[in-house]
Amino acid sequence: MTWARAAHESPYGRIGVRWSRTDGRFDLSVSVPPGTTATAVLPDGAVHALEPGEHHLRA
């Protein structure tokens with residue numbers, strides 16, 4: 001598997017995630033709705049605390 005995406009309509013708004021792996025690079029996009037937070041853990045072990053909004057991470 002080289003990519004995946006999912007979305008969920010929560011009571012706070014849409015939660016979305018998409019990841020892909022290309023040439024050893026991992027790219028992650030996350031949509032965090034208002035009034036919530038999220039934690040992203042990348043394959044290299046890096047942990048990111050995410051506030052509401054759109055986020056793009058790379059490992």
Side-chain angles (χ1 to χ4, degrees):
M1 185 182 302
T2 58
W3 68 274
R5 74 175 169 203
H8 173 73
E9 293 298 332
S10 78
Y12 297 95
R14 185 178 182 89
I15 301 166
V17 63
R18 184 188 191 291
W19 66 264
S20 64
R21 182 178 293 276
T22 307
D23 298 328
R25 186 180 70 219
F26 181 84
D27 293 298
L28 175 70
S29 296
V30 181
S31 178
V32 181
T36 68
T37 60
T39 302
V41 181
L42 301 181
D44 64 2
V47 178
H48 298 267
L50 305 178
E51 298 292 325
E54 299 292 323
H55 304 274
H56 305 284
L57 305 170
R58 179 173 283 168

Of Thr39, Val30, Leu42, which is the lone residue that meets side chain to side chain contact (heavy atoms under 4.5 Å, CB included) with His48?
-> Leu42

What's the spacing between Leu57 CG and Ser29 OG if we round to 0.5 Å?
-> 8.0 Å

Distance in Å, Trp19 CH2 paired with Thr2 OG1, rounded so as to fall on 0.5 Å steps | 7.0 Å

How far apart are the closest heavy atoms of [X] and [Y], and which atoms are they?
X: Pro34; Y: Tyr12; answer: O-CB, 3.7 Å
X: Ala7; Y: Arg14; answer: CB-NH2, 3.1 Å
X: Ala40; Y: Leu50; answer: CB-CD1, 3.9 Å
X: His55; Y: Val32; answer: CD2-CG2, 3.9 Å

Backbone N or O of Arg25 within a donor-acceptor pair of the Asp23 side chain at under 3.5 Å?
-> no

Answer yes or no: are there more than 12 heavy-atom neighbours, outside Phe26 itself, under 6.0 Å from its atom CZ?
-> yes

Close side-chain approach of Ile15 to Pro33, heavy-atom, < 4.5 Å = yes

Do Leu28 and His56 touch side chain to side chain, with heavy atoms closer than 4.5 Å?
-> no

